[in-house]
Structures are given as C-alpha cells and as structure tokens.
Q: 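Here it is, the structure in full.
In this text the structure is predicted, and so the values were computed from the model without any measurement.
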Amino acid sequence: MALELDRSIIGSEFDRTIFDPVTDAEVAEYAAASTEPQPDQTIASPTFVVRLRGRRFMPSNLPPDLGRAAFDAGKDIEWGAPIRVGDVLTAVSTVHDIYEKTGRSGSMRFLVLRTVITNQRSEQVAVIDQRMMFR
Amino acid sequence: MRIEDIDVGHELGPLALTLSGEQVRQYSIAARMPGGRFMSDEDARKEGLPGQIVPGNLSMALFSRLISESLPGAVLKRLNATFRGLVRPGYALLIHGVVTEKHSSDHGDFVECDLVLENTEGDRWVTGTATVQLP
Amino acid sequence: MILDLHTHSEASEDSRAPVETYLKWLARKREALPIDGIVLTEHRQWNSHADYRALEDAYGLVILRGAEVETDYGHVLVYGVNEDITRRFDFTNVRLSAQELIPAVAHMGGIAVPCHPGRPTIGLCEHYETKPPIDGVVAVEALNGGSRRGENERVHALIERYGYHAFGGSDSHLVSFIGICATEFDHEIRTIDDLVQTLFQGGYRPLDFRDQLRKVS
C-alpha cells in the first residue's frame, strides 16, 4: 500500500520575510565565495538568491512520517529583475508539492518548497523551487 | 556571443577544479547556510555523513559560472539542478555542458543547455539544465 | 532497428527534456546515434491521452510509451500499459509487489521488465541476494546509461544464471543523454504490441554508444 502522505499542507504559506537592504559587501562576499561572476559591482550574481532564506526554512506542520534526515535534492530557479545593491527584498514561501519515490538511498519523501522573491518595486526577482529529500 | 554564433551541440567548458574544505566553508557562510555538514569533516560525521560536503547551491553557482565563461554576455533566465550524490571537497570535478536547443522570439534569443558536474571517473553527481538569454 | 527503451521526458518530475527536443537532437546526431525511435517510460505514471503521432511523422522516428514503476524488487519498466493494468496497479505506489506485477502484466497483455538491475537498493541483483527470484522475468536492462561504474557489469552474472534476455536504454533525463545506450532488434518494431511480443521472444541485444560519442566530441 502506498504510504499516505498528508497533502493538506500543499499551498500553505509558512514564511514571509522582508530582508534588510542588500549591501555591496554582501554582494561582493557572495560573488567571491561562489566564484560566480557579477554583472557589475552593483548587481548581485545570479545564485545570490539562494542566500535569501526566510526566518523559517521549513513549515512547522510537516507530516510526521516524512523522515528524519533532510537533504537538498535539487532546485529550480527562474530569474526576473536583477538584484541591485539597496534593494529591499521580500521572500514568501509555500509548500508546493509532496511525493515519494525510491532510489539508491532507499525510500525517500520529497517536499517541494516554493519561494517567490520580489523587490521594493513589486518586481518579481526570482522563483525558487527547492526539493528537500527526507529519509 | 550572439545566437548566430552558436549551434546546437555547442559545448560549454569544461571547467576543471577541486574545491577545498575552506572554500566550501567560506561559501556556506556567504550563502547564509553555515550548517555543520558544510563546515568540517567532524561536524558532517556528527550528522552521519562520510565527511564535509559541498552545498548543492555551490554546485549551482558553478553551473552559473560555466555559462558565464562559455557564453559571454549571456543572462541566465532559468537554472535547474538535481543533486544525485554527495559532492565532497578535495575531489577533482569536471563541470561541462552542451547547447541542446536555440530559439528566438519577440522576447529575445535563447539557448537551452544541459549541464553536468561529475568526477574524473564519469560519475555524474549533479545534472541540470539552463535557459540562457543571449545578447 | 535500434530503439532507446528507457527515457524520461519533462512529464517525469526529475527530467527537463521536452520530447520534441529529444527528436531534434537525434536527428542532428544521426551519424553517431543511429536510433530509430524511443520509448518514453515516465516515472510512476501513465497518461492514456498522450499522443505523439504528429511528432513521429515530423521526425520519422518511432515514439512508443511505457512506464517506470517502483516495486519491492526495485524499479520495473512496463510496456503495453492498458486500462486493465492501471486499474489493477496504482503506478504512484512505490511499494508494488514485483511477484504480483510481473506475471499479472504479462497475463493482461503487457510486459514488465526490471531496469538498472545492478543499481543498489532499486536493482534486482541486490534483492536476489536475499529474496527468491521473481516468476515471469524474461528480460532485464543489462545496459543503463545512467548507471555508475560497476552497476552494468553486475548484471552479467544475473543474466547467465537465469537466462534472461538483455536490453539497453539510456535512462535519459537530459536531452543530450538520449540514445547513449539502446537496444538493437533483429526485426522491425513499429507498435507497442510489436515491442511486447519481441521482448518475450528474443532477437535483440543492448548497444552502447558512449565511446562513440566521446570520440566524436
């Protein structure tokens, strides 16, 4: 029998965070550490968006049978407006999907968390779908 | 690089590198994800892992870097990555890709790419795709 | 005739490969990859309405469909999926009974064949170490394009011991991996019924194009 995963949490918002204005130091530090080129000094490199983790990274009402250990299984990032120094960004996170499959590591449950990031002009900066694997 | 300069099958990279434990640690701090597993072998083992691991986000940053270096002037619009195994610092990595499609519309000129991060024996630890807008 | 029997399109949650882009890639790589068609084997699902005849006509390639399901003996490819099969087996269930699935699918007009048998946890080889062999297995995927070092090699002993037929597939989740491993058939395969019948009877073998592709690129 298929493991019954509680799908009622799909669509629920679990975090909304407004970040302090992006600084040039943060942008430079990330670019240097990631080795990813910056378009210019005032614009963050593309994967800077992964830094924008809200106050709550996971929903608090996870199904109890999801599993103990959590691993990053992958991401899908879609970019809109570039992030500029001084931008005030808001990240809203929801549960996007939950499913189960088996792989080399055995039985795994996946939680897909969607984070939509907008800037102070209400422009969409990025949509990130993060797949968390539990076992 | 413009769309007429690129054919389907155009290869990206390869980028050959070995990440040190310190680089991984610095990245994790810059990316605001200073979890034990990314900081040291000792901390990672406490989580049941064989040793320090590279965050998936850094693998994505390396994909982004590959695209920037291989397609100068291109803008990353979408990046997807699946983390298929643990990437460890201290092991030689090969990051490469290939253009699989190109298309033009009123919105601009785009190419689609497949991306791979593998070890020197051909084990593919991270695979992904990207949509890139060309100038 | 050469077919890639194990492929995933963007319908599988871990693939980003559109079907048409697969076909365009094969058309461009014809010299290195003389593939005549593909079988889409999406994870844990079956869409009875999907229709690729227009793409077949446009690209002159055969496009057939199956599914990759998950069982207590590892992953299994199912060809010849029909309503009887989907009514009996929930493809989203990751704990299907292989002992039940494989004979039942054959009885209902299809064929279910273990894929990547050398892979840890989700491959047949490991399960055969502790569990009895499955009745009704006639073929296994001896060559899988997504397998790691040593995993394909493990399958030889299984094939020799049980006399299984061997086939190959790319297990592609990316466009550029389509056709890297495939199956060569002695006779033409135009329909899913042709494929099901032939997989039972024999007259095919796995092909590995990976070395050829490395030389070309």
Q: Would R131(A) and F83(B) count as a cation-pi pair here, with the cationic atom under 6.0 angstrom from the ring centre and within 45° of the axis?
A: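 Cation-pi check for R131(A) and F83(B): fails.
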Q: Hey, could you give me the CD/CZ distance between E36(A) and F63(B), rounded to the nearest 0.5 Å?
A: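 Output value for this atom pair is 12.5 Å.
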Q: Side chain, backbone, both or neither: which part of R84(B) has an atom under 4.5 Å from a heavy atom of chain A?
A: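 Contact with chain A is absent: no heavy atom of R84(B) under 4.5 Å.
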Q: Counting only heavy atoms from other residues, nucleotides and ligands, does the tally under 6.0 Å from CD of E121(B) exceed 12?
A: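 Above 12, so yes.
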Q: If we ignore hydrogens and angles and just use 3.5 Å, is the side chain of R65(B) paired with the main-chain N or O of P37(A) as donor and acceptor?
A: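 Such a contact is absent between R65(B) side chain and P37(A) backbone.
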Q: Would you say CD of E22(B) has more than 12 non-hydrogen atoms from neighbouring residues, nucleotides or ligands within 6.0 angstrom?
A: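 Enclosed: over 12 neighbouring heavy atoms sit under 6.0 Å from CD of E22(B).
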Q: Which region of F48(A), side chain (C-beta onward) or backbone (N, CA, C, O), has a non-hydrogen atom less than 4.5 Å from a non-hydrogen atom of chain B, or is it both or neither?
A: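 Nothing of F48(A), per the 4.5 Å heavy-atom cut-off to chain B.
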Q: From L79(B) CG over to W79(A) CH2, what is the distance, rounded to the nearest 0.5 angstrom?
A: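 Output value for this atom pair is 4.5 Å.
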Q: Just how far is it from atom CG of L15(B) to atom OG1 of T35(A), taken to the nearest 0.5 Å?
A: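 Answer for the CG-OG1 pair, L15(B) versus T35(A), is 7.5 Å.
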Q: Identify the heavy atoms of L58(B) and A33(A) that sit nearest to each other, and give their distance.
A: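 That would be CD1-O, 4.4 Å.
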Q: Which answer fits L49(B), side chain, backbone, both or neither, if we ask what part of it has an atom under 4.5 Å from a heavy atom of chain A?
A: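 Looking at L49(B), just its side chain touches chain A.
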Q: Working to the nearest 0.5 Å, report the span between CD of E47(B) and CZ of F71(A).
A: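 Atom-to-atom, E47(B):CD and F71(A):CZ are 7.5 Å apart.
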Q: Would you give the length of the straight line joining atom CZ of R78(B) to atom CD1 of I77(A), rounded to the nearest 0.5 angstrom?
A: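 The distance works out to 10.5 Å.
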Q: Can a donor-acceptor pair be found, under 3.5 Å and without considering hydrogens, that links the side chain of R32(B) to the backbone of R51(A)?
A: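 Answer holds: yes.
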Q: Heavy atoms only: give me the nearest P46(A)-L76(B) pair and the separation to one decimal.
A: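 Shortest heavy-atom contact: CB-CD2, 4.2 Å.
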Q: If we check side chain to side chain donor-acceptor pair (under 3.5 Å) with K75(A), which of these qualifies: N57(B), N80(B), T82(B)?
A: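 For K75(A), the side chain to side chain donor-acceptor pair (under 3.5 Å) test succeeds with only one of N57(B), N80(B), T82(B), which is N57(B).
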Q: Hey, which of S34(A), A73(A), A31(A) has the most heavy atom pairs under 4.5 Å with chain B?
A: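 With the most close heavy-atom pairs to chain B, the winner is A73(A).
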Q: Answer yes or no: are there more than 12 heavy-atom neighbours, outside R121(A) itself, under 6.0 Å from its atom CZ?
A: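 Counting other residues, nucleotides and ligands, CZ of R121(A) exceeds 12 neighbours.
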Q: Which one of D76(A), T47(A), D129(A), V127(A) has the most heavy-atom pairs closer than 4.5 Å to chain B?
A: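 Result: the option with the highest number of such pairs is D76(A).
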Q: Does I18(A) CD1 have over 12 foreign heavy atoms under 6.0 Å away?
A: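 No.
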Q: Rounded to the nearest 0.5 Å, how far does CZ of R53(A) lie from CE of M33(B)?
A: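 Reported value, rounded in 0.5 Å steps: 5.5 Å.
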